[in-house]
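Presented below is the structure to which this report refers.
Start at 1 and go down the list; that is how both ligands and their atoms are numbered.
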Amino acid sequence: MTAFVVGHKSPDTDSVCASIALADLKSKIGVEAKPAVQGEINPESRFVLDKFGLDAPEILTDGAGKQVFLVDHSDLAQSLDNLDKDKILGIVDHHKVGDVTTPNPIWVWTWPVGCTCTVIKNMYDFFKVEIPKNIAGIMTCSILSDTVIFKSATCTEQDREAATALARIAGLDDLQALGIEMFKVKSAIEGTPVRELVKRDYKDFDMSGKKVGIGQLEVVDLSLLDAVKEDLARDIQALKNEGSYHSVFLLLTDIMKEGSEMLLVSDDPSVVEKSFGKAPQGDRVWLDKVMSRKKQVVPNFEKGFAA
Ligand code: MG
Ligand code: MG
Ligand code: MG
């Protein structure tokens, strides 16, 4: 049976590229595998795949009866519907270990680094498999995306080393320029429905028993979002009601100013000050130096919600 390699819901560039890379590696070390995604890929991922001449993975949302490798997540809430736990063959990730459990021993590679593709680069080396040029290219882009061109608090020395080695294989010489090009694609929001923007990079969390949603839009200049900001604020209010959330937060991250404006709707807005030491002005707050949902926003909110 062919196994699927799949990333989290609302696929980002790392989830897409890690699924392609791990499927390539696994297939070369004796496990027939193919990449999959849990939904339409975003414009940044489309740009990256087009640049290196690769097709988007097929869409898979139901895990019933499927053998799977999970990449870029290990949370049930972010995984396939009807995930068959005894058919999980492995996990490759760089987030905190989630709540997926398995009845059998499996391969688990989770490293505290900035990007799943950094781990996969090291797996290729471990298994002594050569990385194809186009896959090295998308893996480089994946690292640039997840580490916000090496600026995020999540970025580690391993990410820099992996990106440098992958760029050499792919024949890329100006990673800074490539990164900015990618983030410009990501910043182009014209004509995109508001709900699609809110959900583009969106994750559900359970925080002290409360349902919390946190979305993020990363742009090269926050003013690009001026025209849609009020619509975004209205839409997270609607989303909160539809999904019976305690809170929905939307981070509008300015990657040049290196901070985020957070839009919020919450049954208890004081949780923001408890978490970040700064009170919101109405339904928004500027968080200086906060760019990483994983390393800054989620841990702070977990403490704030528990307080
Ligand atoms: Mg991801
Ligand atoms: Mg990632
Ligand atoms: Mg990300």
(request) Not counting sequence neighbours, list each pair that qualifies as a salt bridge (Lys or Arg N to Asp or Glu O under 4.0 Å) and has a residue in residues 232-250. (result) R195-D235, R195-E242, D231-R234, K240-D267

(request) Taking the Mg ion (ligand 2) as the reference point, name the nearest N/O/S atom of D14. (result) OD2

(message) If you consider just the N/O/S atoms, which atom of D72 is the closest one to the Mg ion (ligand 1)?
(response) OD2

(request) Flag H95 as yes if one of its N/O/S atoms falls below 2.8 Å of the Mg ion (ligand 1), otherwise no. (result) no

(message) Under a 3.5 Å cutoff, is there a donor and acceptor pairing between the side chains of T13 and E44?
(response) yes

(message) With respect to the Mg ion (ligand 2), please indicate if H94 possesses an N, O or S atom at a distance under 2.8 Å.
(response) yes

(request) Not counting sequence neighbours, which residues clear salt bridge (Lys or Arg N to Asp or Glu O under 4.0 Å) with D221? List them please. (result) none

(request) Kindly indicate, with the supporting measurements, whether the criterion side chain to side chain donor-acceptor pair (under 3.5 Å) is fulfilled by S79 and H73. (result) CA-CA 7 Å; S79 206; H73 74 290; 2.8 Å; yes

(request) Looking only at N, O or S atoms, find the one in D12 nearest to the Mg ion (ligand 1) and name it. (result) OD2

(message) So, 2.8 Å as the limit: is an N/O/S atom of D146 located closer than that to the Mg ion (ligand 2)?
(response) yes

(request) Report the distance from atom NZ of K229 to atom CD of E261, rounding to the nearest 0.5 Å. (result) 3.5 Å

